[in-house]
Number of protein chains: 2
Amino acid sequence: MRPTVNDIARAAGVSLATVDRVLNARPGVTEKTVQRVNAAIDQLGYVRDVTAANLARQRRYRLTFVLPEAPELFVATLRDALAEAGRSSAADRTEIRTLSFPAGNPHALVRTLRTLNSANTDGVAIFAPETPHVRDAILRLKSDGVPIVALVSDLPNTERDHFVGIDNIAGGRTAAFLMGKFHGKRGGSVMVLVSSMQARDNVERRLGFDQVMAESFPEIEVLPSLENHDDEDITARVVSEVLDARPDLTGVYSVGHGSRALVEVLRAHHRARQLTIVAHELTSVTREALRSGDIDAVVSQDVGHIVRSALRILRAKIDGVGIVPGQERIRIEIVVRENLS
Amino acid sequence: MRPTVNDIARAAGVSLATVDRVLNARPGVTEKTVQRVNAAIDQLGYVRDVTAANLARQRRYRLTFVLPEAPELFVATLRDALAEAGRSSAADRTEIRTLSFPAGNPHALVRTLRTLNSANTDGVAIFAPETPHVRDAILRLKSDGVPIVALVSDLPNTERDHFVGIDNIAGGRTAAFLMGKFHGKRGGSVMVLVSSMQARDNVERRLGFDQVMAESFPEIEVLPSLENHDDEDITARVVSEVLDARPDLTGVYSVGHGSRALVEVLRAHHRARQLTIVAHELTSVTREALRSGDIDAVVSQDVGHIVRSALRILRAKIDGVGIVPGQERIRIEIVVRENLS
DNA sequence: ATGAAAGCGCTAACAC
DNA sequence: GTGTTAGCGCTTTCAT
């Protein structure tokens with residue numbers, strides 16, 4: 001039988017209330033008593049039953065997800081995963097609220113963040129680019145005692161409690177490895193399409209991609225980044241231009257979270273099948289393009305895992321308990337036609 | 001505020017005990033009362049608090065894992081994952097017991113299974129080949145009311161409650177896709193090394209592999225399976241023979257759970273780098289061989305995920321609650337040098 | 001500074 | 001058949 005607070009109380013010769021005070025590091029206990037209780041705790045090997053504690057405490061976890069209002073399908077899949085998680089969240093006493101801000105509008109984002117405080121939320125998960133004002137808003141929330149996790153794109157200068165997403169440099173390296181290996185030993189040139197060089201994840205992916213292309217596949221020329229700012233018209237135009245200008249093109253690397261316009265243009269030009277195409281994020285578009293053979297490989301991250309992980313981590317931070325690191329490591333998934341779930 | 005049993009009792013005009021009886025489908029309640037309680041339940045939108053129920057019930061989950069005593073590193077990684085899970089299992093009132101049987105000894109396995117019953121275990125996870133006696137032993141356990149999940153290799157004729165592992169046909173298809181794509185458009189021949197054609201997962205992988213090689217890469221010849229029965233000496237010998245007999249060999253597909261001897265022989269013959277090599281399961285050996293470039297790709301399954309999933313599913317079956325399918329889907333992971341955790 | 005006692009949402013004896 | 005009551009392991013007033 002596992003020892004309970006009662007066993008500790010008896011062993012230490014104090015009351016339940018005192019044990020509880022020590023357990024929760026609350027003031028009003030003599031140092032000597034604290035010692036005695038702690039001695040009993042590790043002598044009996046006590047581990048507190050978090051579920052019982054939460055029951056007594058009537059704990060609810062009011063968690064807020066802050067997501068961009070963006071056209072990319074990836075964000076939609078993330079929202080779907082969140083909605084799915086919301087369905088079973090009542091069972092874990094979790095209330096999920098989602099706040100949206102227009103992508104690329106840091107002011108709106110900051111305004112949104114300003115509405116949040118420890119009185120109305122117990123934890124925040126945020127998918128947003130890091131700008132100075134955003135950083136300040138997050139620091140304020142943190143100092144208000146609200147745990148924060150960064151989703152998908154890290155916010156390294158905000159003291160966020162955790163980053164839930166893939167290592168994007170390694171993601172770019174993986175994309176390059178696949179590009180090089182699928183490409184074959186002949187020379188060629190690869191177009192790189194990014195959504196924005198402001199987005200940290202995009203920059204990191206491009207960096208990793210360049211590293212491996214240079215190291216391992218020097219015979220392939222990597223063209224300068226084309227920025228599309230997540231605008232499908234821009235994408236259509238710049239991709240068309242390159243396609244016309246470079247009949248020798250052999251590959252395309254789509255760095256950002258959206259690939260719809262790219263796939264459409266490549267198909268219209270009848271170039272998709274001859275090119276080696278590597279994209280990021282599994283969405284209805286990339287899924288279908290993998291199936292048809294238009295895209296060769298997708299480097300992805302499991303949005304369901306990201307959401308569940310964010311929830312677990314926030315709850316753990318709120319409860320002040322540890323996490324299982326292995327369970328929270330978001331893997332860099334490689335998806336090809338044959339392992340398409 | 002979420003409604004509680006008290007609210008239901010009040011609304012239905014009955015006592016707590018009666019609500020509890022209805023909730024747990026226990027006998028001794030008039031049909032009419034049942035109706036009234038159920039009406040109140042869905043009128044108030046009641047969802048039972050499973051943690052509170054488990055607290056009151058003092059529920060412990062005594063779970064048994066039955067694993068082969070096998071030389072392959074993969075089994076060792078599975079055991080490690082289990083040990084890791086065991087460390088935090090006290091928090092979820094779960095007691096994990098591991099039973100081992102000598103690989104390839106169905107009698108010993110059956111003897112082990114016979115020691116199990118509903119009095120000494122609440123759920124069983126088993127990684128073993130399906131033989132008639134094994135099937136009977138499992139059916140007996142099932143009819144004793146013990147939930148069963150099959151790990152890694154399915155036991156489809158045993159009415160196991162769930163299979164926790166990858167779709168091995170798709171796993172073989174994935175391996176073939178990588179083999180073909182990495183191989184390049186020249187002809188060639190691929191050696192296939194299986195551990196045993198008795199093992200269902202091996203057979204399925206080989207099947208999937210052949211499908212895709214025939215469909216998509218007909219220019220590559222796929223050689224007949226070489227069985228090694230997980231014996232490293234046999235592996236060394238047969239691989240050496242083929243290597244000598246087929247200087248035109250261009251690829252190797254390692255189907256089984258172990259690849260140590262294979263990697264060693266290929267290195268000794270200085271053939272690893274020129275060949276396209278695809279193996280299964282991420283272990284210290286395949287990890288190192290990916291890093292060195294000796295193995296090109298590994299098709300794997302996350303053992304940590306497998307173990308956590310098995311635990312969640314068994315607990316859910318015991319509690320009679322549902323699972324989140326997306327969370328329990330074991331992904332077919334593709335691991336290359338650059339996304340090596 | 002410490003303790004007694006009630007209660008969180010649910011289950012399970014034991015009455016009636 | 002149905003209700004009363006005492007917990008499960010922990011937290012939290014409110015006394016002392």
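Only heavy atoms go into these numbers, but all of them, side chains included; no hydrogens, no water, no symmetry mates. Just so it is clear, the model here is predicted, and its values are computed rather than measured.
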Checklist entry - Do A:Thr115 and A:Asn120 come close enough that some side-chain heavy atom pair is under 4.5 Å? => result no

Checklist outcome for this item: Per-nucleotide protein contact along nucleotides 5-16 of chain D, 5' to 3', at a 4.0 Å heavy-atom cut-off (B base, S sugar-phosphate only, - neither), is --BBBBBB----

Item to check | All ring-ring contact (aromatic ring centres under 6.0 Å, His included) counterparts of A:Phe65, not counting sequence neighbours | outcome: none

Next on the checklist: Whole angstroms only, please: what is the CD-C1' distance between B:Glu31 and D:dT2?
Outcome noted: 16 Å

Item to check | Sequence-distant partners of A:Arg10, side chain to side chain contact (heavy atoms under 4.5 Å, CB included), two or more places apart | outcome: A:Asn6, A:Asp7

Next on the checklist: Quick check: do A:Arg312 and A:Val324 have side-chain heavy atoms less than 4.5 Å from each other?
Outcome noted: no

Next on the checklist: Would you say B:Thr30 places a side-chain N or O within less than 4.0 Å of OP1 or OP2 belonging to D:dT2?
Outcome noted: yes

Checklist outcome for this item: Contacts satisfying side chain to side chain donor-acceptor pair (under 3.5 Å) that involve residues 123-139 of chain A (not counting sequence neighbours) are A:Glu130-A:Asn157

Next on the checklist: Any base atoms under 4.0 Å from B:Val19, or only sugar-phosphate, or nothing? Heavy atoms, all strands.
Outcome noted: nothing

Item to check | Contact under 4.0 Å: B:Thr33 side-chain N or O vs D:dG1 OP1/OP2 | outcome: no

Next on the checklist: Let me test you: for the helix from C:dA1-D:dT16 to C:dC16-D:dG1, what is the angle between the axes at its two ends (five pairs each), rounded to 10 degrees?
Outcome noted: 40°

Checklist outcome for this item: Here the distance between atom C1' of D:dG3 and atom CD1 of B:Ile8, to the nearest Å, is 18 Å

Checklist entry - Looking at B:Thr18, does any N or O in its side chain come under 4.0 Å of the phosphate oxygens OP1/OP2 on D:dG3? => result yes

Checklist entry - Does a donor on one side chain sit under 3.5 Å from an acceptor on the other, for A:Glu333 and A:Ser300? => result no

Checklist entry - Out of B:Thr121, B:Asn54, B:Asp122, which residue meets the side-chain hydrogen bond (donor to acceptor under 3.5 Å, both in side chains) rule with B:Tyr61? => result B:Asn54

Ignoring hydrogens and angles, write down the donor-acceptor pairs under 3.5 Å from the side chains of residues 36-45 of chain A, residues two or more places apart or on other chains.
residue: A:Arg36; atom: NH1; partner: A:Ala12; partner atom: O; Å: 2.9
residue: A:Asn38; atom: ND2; partner: A:Val34; partner atom: O; Å: 3.4

